[in-house]
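Right, one structure below, let's go through it.
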Amino acid sequence: MSQTSTATGSEIVFADVVKRYPGQGRAAVDHLSLTIPAGRIVTFVGVSGCGKTTSLKMINRLIEPTSGTITIDGRDTRSLDADELRRRIGYVIQGGSLFPHMTVGANVAVVPKLLGWNKRRIARRTDELLEMVGLDPAAYRDRYPKELSGGQQQRVGVARGLAADPPVLLMDEPFGAVDPITRTHLQDELLDVQAQLHKTIVCVTHDIDEAIKLGDRILVLQDQARIAQYGTASEILTNPADDFVADFTGGGSTLRRLALERVSSIELESAVLVRGGDPVARVLAQARERGTNQVVVVDGRNHPVDWYWTNTLRGERVQVRPGRQPILLDEDATLDAVLDALVTSFHEGALVVDHAGEFLGVATFDEITRFVRRLSAEPVDESPAEGAQRPGEIEGESRPDGAGQEPSC
Ligand SMILES: Nc1ncnc2c1ncn2[C@@H]1O[C@H](COP(=O)(O)OP(=O)(O)OP(=O)(O)O)[C@@H](O)[C@H]1O
Ligand SMILES: [Mg+2]
């Protein structure tokens, strides 16, 4: 995500914004004040009808506020021409909402055309964007929306929103109604695009996991767009402002927190690195000297190929056992991925390697458990965090001292 200072996006500020729809007693948005920083993704979450779409549409004046002010880079949006404003702000809504009578290419090109770009520039930009959202331009450019799947239409919608390279992109449930795999893929694409372009993106979603994954900051809204909490994913998950936010983020917030942390956040256990054929007696002496009971067998490029506890080493020479390739995790792996690997493999540790595949250390259940306890700041003997709790294995049958099963199978 965009953590750099090279933001090309614009800062958006809501000051005391109210929206009262005609004939409605209650305001849909009641005095919303909020700063959306330039170059960041802010996600809006909240229950249905709480005012997310209304708030979003007031930014590009598809809906006019009843009172209060919205500024973009310090300029009151009311001082800007509404059409001009909408051209400068990309807008993506659920389902892509493409023009059915226009080809995919023409749909993407709508705003550049309005801006008077020449044909060559439009064609180049259209192809570039289709590629960016993972659609082969040659195969898709001349199709009509009805010839695309729902997920593909949504991608075209995202491409169209980005077409004129607007500093601000508004997205209303842009990935709703697609299957979880396509959704994950589209989210990843958006994050990749954002890492390059540093726009200000405001994204409305019902899905707290999506909000956490995409948002540099998350705005949790209550009825009438009252702010329940506005903060980073870590802040919201670790210190929910009140019961409403805690309920909204729901159970499993510790696991979600793990999804935000890299394996570099925990201490890795060291191991003695050996080669197949090394004398076992020497390896054991080395392990004693280093104070570790882990032995990792590496090949000529320092890539792990097998893994032992010291008390499971047998015979005179270290063997590389066929079919015993240990689980390897990249140094960028998130802690929930580590936990997932450990749970599904029934190992209590996994080997972490760097980008070149060289061994860095062993990520253990114990360390993740410790990390989770620090996170939730709970006393150690009280309800350890979910997910890290595998009593039988941590405490008993599978212990790091090698009394249980072997680390590798
Ligand atoms: N055109 C309208 N006229 C009258 N009331 C409206 C209008 N549009 C929305 N509302 C009301 O304003 C409130 C906020 O609606 P809004 O569409 O902003 O909610 P939302 O948070 O986007 O909900 P959802 O998650 O269901 O999309 C709701 O109570 C809704 O009924
Ligand atoms: Mg809505």
Side-chain angles (χ1 to χ4, degrees), residues 12-36 41-70 72 77-78 82 85-86 89-98 150-151 153-154 157-158 160-161 168-180 183 186-187 190 200-215 217-231 233 236 240-250:
I12 304 168
V13 179
F14 283 68
D16 255 337
V17 173
V18 175
K19 177 63 193 180
R20 195 182 301 276
Y21 286 105
Q24 302 289 316
R26 274 160 55 92
V29 172
D30 191 18
H31 293 93
L32 176 63
S33 293
L34 174 77
T35 297
I36 297 168
I41 303 182
V42 171
T43 47
F44 287 9
V45 283
V47 295
S48 183
C50 72
K52 303 180 293 295
T53 298
T54 304
S55 302
L56 192 77
K57 283 182 166 174
M58 286 193 286
I59 297 174
N60 63 358
R61 287 178 53 196
L62 281 172
I63 293 175
E64 298 282 354
T66 308
S67 62
T69 310
I70 298 177
I72 298 183
T77 52
R78 281 170 303 196
L85 187 69
R86 274 169 230 147
I89 298 179
Y91 185 50
V92 180
I93 59 174
Q94 182 166 340
S97 73
L98 305 176
Q153 289 183 29
Q154 287 200 314
V158 172
R160 185 174 64 181
V168 175
L169 186 62
L170 308 179
M171 309 178 97
D172 199 347
E173 302 268 354
F175 311 132
V178 290
D179 66 90
R183 194 182 176 100
L186 291 174
Q187 291 167 345
L190 181 71
T200 304
I201 299 178
V202 186
C203 180
V204 167
T205 173
H206 274 107
D207 177 356
I208 185 72
D209 288 310
E210 181 164 271
I212 286 167
K213 176 170 177 181
L214 296 179
R217 287 211 196 172
I218 297 153
L219 178 72
V220 187
L221 290 174
Q222 262 171 304
D223 204 26
Q224 299 184 286
R226 295 212 173 91
I227 297 179
Q229 193 164 3
Y230 183 37
I236 282 174
D242 54 25
D243 289 348
F244 175 81
V245 178
D247 283 349
F248 198 80
T249 55

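Start at 1 and go down the list; that is how both ligands and their atoms are numbered. Just so you know, these numbers come straight off a predicted model, no measurement behind them. The basis for the numbers below is simple: all heavy atoms, side chains too, and nothing from hydrogens, waters or symmetry mates.
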Protein residue, atom and distance nearest to [atom], heavy-atom basis:
{"atom": "atom 27 (O) of ligand 1", "value": "Thr53 OG1, 3.9 Å"}
{"atom": "atom 10 (N) of ligand 1", "value": "Tyr21 CE1, 3.3 Å"}
{"atom": "atom 26 (O) of ligand 1", "value": "Ser48 OG, 2.5 Å"}
{"atom": "atom 29 (O) of ligand 1", "value": "Gly49 O, 3.6 Å"}

Among Met58, Arg20, Lys52, closest by heavy atom to atom 25 (O) of ligand 1 is Lys52
Under 2.8 Å from the Mg ion (ligand 2), which protein N, O or S atoms are there? Could you list them by chain and number?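 Correct list: Thr53 OG1.
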>> Once you restrict to heavy atoms under 4.0 Å, what part of His206 touches ligand 1? Side chain, backbone, both or neither.
In response: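 His206 to ligand 1: side-chain contact only, backbone stays beyond 4.0 Å.
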From the list Val202, Ile12, Thr200, Val168, side chain to side chain contact (heavy atoms under 4.5 Å, CB included) partner of Ile89 resolves to Val168
Report yes or no: does [X] contribute a side-chain atom to a donor-acceptor pair with the main-chain N or O of [Y] at less than 3.5 Å?
{"X": "Arg86", "Y": "Tyr91", "value": "no"}
{"X": "Asp209", "Y": "Ile212", "value": "no"}
{"X": "Ser33", "Y": "Asp16", "value": "yes"}
{"X": "Lys52", "Y": "Cys203", "value": "no"}

To the nearest 0.5 Å, how far apart are [atom1] in [X] and [atom2] in [Y]?
{"X": "Phe14", "Y": "Ile36", "atom1": "CZ", "atom2": "CD1", "result": "5.5 Å"}
{"X": "Ser55", "Y": "Lys19", "atom1": "OG", "atom2": "NZ", "result": "11.5 Å"}
{"X": "Leu34", "Y": "Leu32", "atom1": "CG", "atom2": "CG", "result": "5.5 Å"}
{"X": "Met171", "Y": "Leu214", "atom1": "CE", "atom2": "CG", "result": "8.0 Å"}

Go through it in stages, so that I can follow the logic: the residues are Glu64 and Arg61, the test is salt bridge (charged side-chain N to carboxylate O under 4.0 Å, His left out), and I'd like the CA-CA distance, side-chain angles, deciding distance and then a yes or no.
CA-CA 5 Å; Glu64 298 282 354; Arg61 287 178 53 196; 3.0 Å; yes
Worksheet item: For ligand 1, which atoms, with element, lie under 4.0 Å from some heavy atom of Thr54?
Response: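 Matching atoms, with element in brackets: 14 (C), 15 (O), 16 (P), 18 (O).
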Within 4.0 Å of some non-hydrogen atom of Ala28, the atoms of ligand 1 are 12 (O), 13 (C)
Item to check | Protein non-hydrogen atom found under 4.0 Å from atom 31 (O) of ligand 1 | outcome: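 No, there is none.
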- Considering only protein heavy atoms, determine whether one is less than 4.0 Å from atom 7 (C) of ligand 1.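 Yes; the ligand atom in question has protein heavy-atom contact below 4.0 Å.
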Worksheet item: Does Gly46 come within less than 4.0 Å of ligand 1, judged by its heavy atoms?
Response: no
Please list, one pair per line, the donor and acceptor atoms closer than 3.5 Å that link side chains of residues 23-31 to other protein atoms, with sequence neighbours excluded.
unit_1	atom_1	unit_2	atom_2	d
Arg26	NH2	Asp223	OD2	2.3
Asp30	OD2	Arg226	NH2	2.8

